[in-house]
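Since the model is a prediction, treat every value here as computed from it, not as a measurement. Atoms considered below: every heavy atom in the structure, side chains included; atoms not considered: hydrogens, waters and symmetry mates. Counting starts at 1 for both ligands and their atoms, in listed order.
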Amino acid sequence: MTELSERFDPGFVWGVATSAYQIEGATTEDGRGPSIWDTFAARPGHTYLGHTGDVAVDHYHRWADDVALVRDLGLGAYRFSIAWPRIQPEGKGPVEPRGLAFYDRLVDGLLESGIEPWPTLFHWDLPQALEDAGGWPERETAERFADYAEIVADALGDRIRHWTTLNEPWCAAFLGYGAGIHAPGRTEPAAALAASHHLHLAHGLAVPRIREGRPDAQVGVTLNLYAVSPADDTGRHDDAARRIDGLMNRWFLDPVLLGRYPEDVLRDVAHDLPADLVHDGDLATINAPIDFLGINYYSRHVVAAGAWPGAAEVEFVQRDWPKTASGWDIDAPGLGEVLAQVHRDYPPVPIHITENGAAFDDALEHGEVRDEDRIDFLESHLSVLADAIDAGVDVRGYFAWSLLDNFEWAEGYEKRFGLVHVDFDTLERTPKASARWYGDLARRSSTKEHS
Ligand code: IFM
């Protein structure tokens with residue numbers, strides 16, 4: 001058997017990922033304005049035990065130690081997000097220089113350690129002032145995002161090559177404005193659809209603003225994609241699978257990569273779709289050529305047709321299947337299916353897996369976390385990834401989610417996704433066995449020092 005490390009080119013990008021609200025803390029420091037996640041988490045009942053990101057894992061003050069962790073693991077890239085409310089506390093207008101200075105220091109620190117910075121401009125922490133003006137369901141928010149993107153690109157663009165506009169617009173739109181389980185906690189189907197379109201538009205408007213005067217800039221967007229399959233092969237559940245694939249995957253892939261919304265999904269959502277949402281020219285803007293597609297992959301949805309007429313059209317089937325601590329099925333072949341779908345149905349585009357990982361019930365014992373389950377998870381997904389590359393899919397990098405245990409949104413600090421354990425009382429960091437395993441793999445693969 002070929003060693004896993006030998007199955008990736010020496011130039012393959014090996015990294016880890018984080019996001020601002022999940023790790024930074026310091027939510028009122030250096031002029032940062034409130035974000036929708038500050039407001040949402042502060043309201044009782046929204047997060048596990050009322051947890052908030054107020055302190056998170058204090059990365060705002062410990063960033064240099066965290067950069068050293070990435071360097072010591074031997075990884076070449078670090079994906080993080082920039083908090084819009086640190087840069088423009090009101091979401092528009094004056095720039096807060098202390099906010100920019102933080103990312104300036106971080107970027108320099110990464111580069112000095114030989115780590116390529118991969119910033120994402122929006123990972124869900126919308127400035128509260130913009131939500132007060134209507135949030136993502138308002139078209140105006142897309143314009144404000146493009147302004148913000150240009151401010152950051154002007155400040156850091158001399159040192160950043162890879163830019164990601166948005167992280168997982170599906171979550172921001174549908175969990176935030178539809179299901180209401182993420183900030184801002186609204187449950188308005190029409191607003192969720194409007195938010196998704198304006199997130200797409202924000203991406204499309206930002207792409208040329210980031211590229212302006214920076215011919216080397218590589219700009220992409222990160223989508224969370226799922227493998228979707230019908231509950232059985234009778235054909236009875238195929239339409240349910242089509243619907244979920246449509247809403248979770250194609251609703252996001254098609255506008256960005258094909259410049260249109262999928263006709264079947266437009267029909268499915270017609271009763272909720274606001275009139276006049278999509279203006280002439282929007283889809284051409286959204287279809288701006290990108291340099292890479294970021295894919296976040298976690299699991300598969302198995303779906304069935306609703307049990308009786310008038311019930312929900314789709315039911316999510318619980319399989320008796322190995323699961324992560326989040327209750328998500330561990331399904332590495334699903335990553336291969338997602339990659340095959342993108343390869344088959346869309347114009348060629350280089351791909352980076354910008355997140356993949358799992359929460360497990362880790363135990364710190366005698367100063368060690370022996371997270372064999374996480375190693376198995378990473379190994380099985382990376383092996384499927386190598387198969388996809390062998391089959392011709394152009395995947396150029398992989399970022400494990402996450403560097404650190406962190407604030408897992410509505411799940412608070414209950415779910416641990418980190419390669420590095422964090423004691424949430426002392427904030428002490430302890431690399432888990434998976435961190436060493438992943439770092440060794442990346443080092444061996446990059447240098448081809450195979451054992
Ligand atoms: O923690 C999140 C991250 O913010 C976005 N992608 C999925 C991760 C795990 O739920």
Side-chain angles (χ1 to χ4, degrees), residues 15-25 35-38 40-41 46-48 51-53 56-57 59 66 78-84 118-126 164-176 179 181-184 196 199 220-227 248-249 252 293-301 323-331 334-335 338 352-362 371 373-374 377-378 381 397-422 424 434:
V16 276
T18 62
S19 90
Y21 189 73
Q22 293 180 272
I23 63 167
E24 286 180 0
S35 80
I36 55 173
W37 268 96
D38 297 297
F40 181 78
H46 281 151
T47 61
Y48 176 76
H51 290 168
T52 72
V57 297
H59 170 80
D66 294 337
Y78 175 61
R79 175 176 180 252
F80 60 99
S81 79
I82 293 177
W84 187 350
W118 280 63
T120 298
L121 288 162
F122 180 70
H123 196 128
W124 308 352
D125 42 1
L126 184 72
T164 303
T165 52
L166 311 176
N167 180 71
E168 302 184 354
W170 179 86
C171 296
F174 291 135
L175 298 183
I181 58 173
H182 276 191
S196 69
L199 280 152
V221 61
T222 279
L223 305 179
N224 52 317
L225 303 180
Y226 290 85
M248 307 204 75
N249 298 328
F252 295 86
L293 174 69
I295 295 181
N296 293 354
Y297 175 79
Y298 286 93
S299 192
R300 176 191 303 275
H301 290 306
K323 297 195 192 306
T324 69
S326 310
W328 303 342
D329 290 356
I330 300 174
D331 198 320
L335 172 60
V338 162
H352 288 274
I353 303 301
T354 38
E355 286 181 28
N356 176 235
F360 289 108
D361 294 325
D362 300 323
D371 55 341
D373 36 17
R374 186 170 288 103
F377 183 100
L378 295 174
H381 285 73
Y398 177 92
F399 292 77
W401 182 268
S402 179
L403 171 65
L404 301 160
D405 289 338
N406 60 48
F407 176 78
E408 174 59 8
W409 308 112
E411 310 286 345
Y413 298 96
E414 213 225 342
K415 306 285 183 251
R416 293 180 175 272
F417 275 87
L419 298 182
V420 174
H421 178 276
V422 179
F424 293 124
S434 58

Mark up the atoms of ligand 1 that fall under 4.0 Å of a heavy atom belonging to [X], in ascending order.
{"X": "Trp124", "answer": "5 (C)"}
{"X": "Trp409", "answer": "1 (O), 2 (C), 3 (C), 4 (O)"}
{"X": "Phe417", "answer": "9 (C), 10 (O)"}

Counting both backbone and side chain atoms, is some N or O of [X] under 3.5 Å from an N or O of ligand 1?
{"X": "Gln22", "value": "yes"}
{"X": "Glu408", "value": "yes"}
{"X": "Ser19", "value": "no"}

Self-check item: Residue portion contacting ligand 1 (non-hydrogen atoms closer than 4.0 Å) for Phe407
Solution: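 No part of Phe407 is near ligand 1 at this cut-off.
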Exercise. Would you indicate which of His182, His123, Glu355 comes nearest to atom 6 (N) of ligand 1 when only heavy atoms are counted?
Key: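 Shortest heavy-atom distance from atom 6 (N) of ligand 1: Glu355.
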Donor-acceptor pair, distance only, cut-off 3.5 Å: does the side chain of [X] make one with the backbone of [Y]?
{"X": "Asn224", "Y": "Asn296", "answer": "no"}
{"X": "His123", "Y": "Asn167", "answer": "no"}
{"X": "Gln22", "Y": "Phe407", "answer": "yes"}

Quiz item: Between atom CG of Asp331 and atom OG1 of Thr324, what is the distance when rounded to the nearest 0.5 Å?
Solution: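 One gets 12.0 Å once the value is rounded to the nearest 0.5 Å.
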Quiz prompt | NZ/NE/NH1/NH2 to OD/OE distance under 4.0 Å, Arg416 and Asp371 | solution =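 So Arg416 does not pair with Asp371 through a salt bridge.
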Quiz prompt | Thr164-Thr222 side chain donor-acceptor pair, cut-off 3.5 Å | solution =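 Distance-only check fails for Thr164 and Thr222.
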Quiz item: Aromatic rings Tyr78 and Phe80: how do their planes relate, parallel, tilted or perpendicular, breaks at 30° and 60°?
Solution: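 Ring orientation of Tyr78 relative to Phe80: parallel.
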Quiz item: Does ligand 1 have an atom under 4.0 Å from some heavy atom of Tyr297?
Solution: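 Tyr297 does not count as a contact of ligand 1 under the 4.0 Å cut-off.
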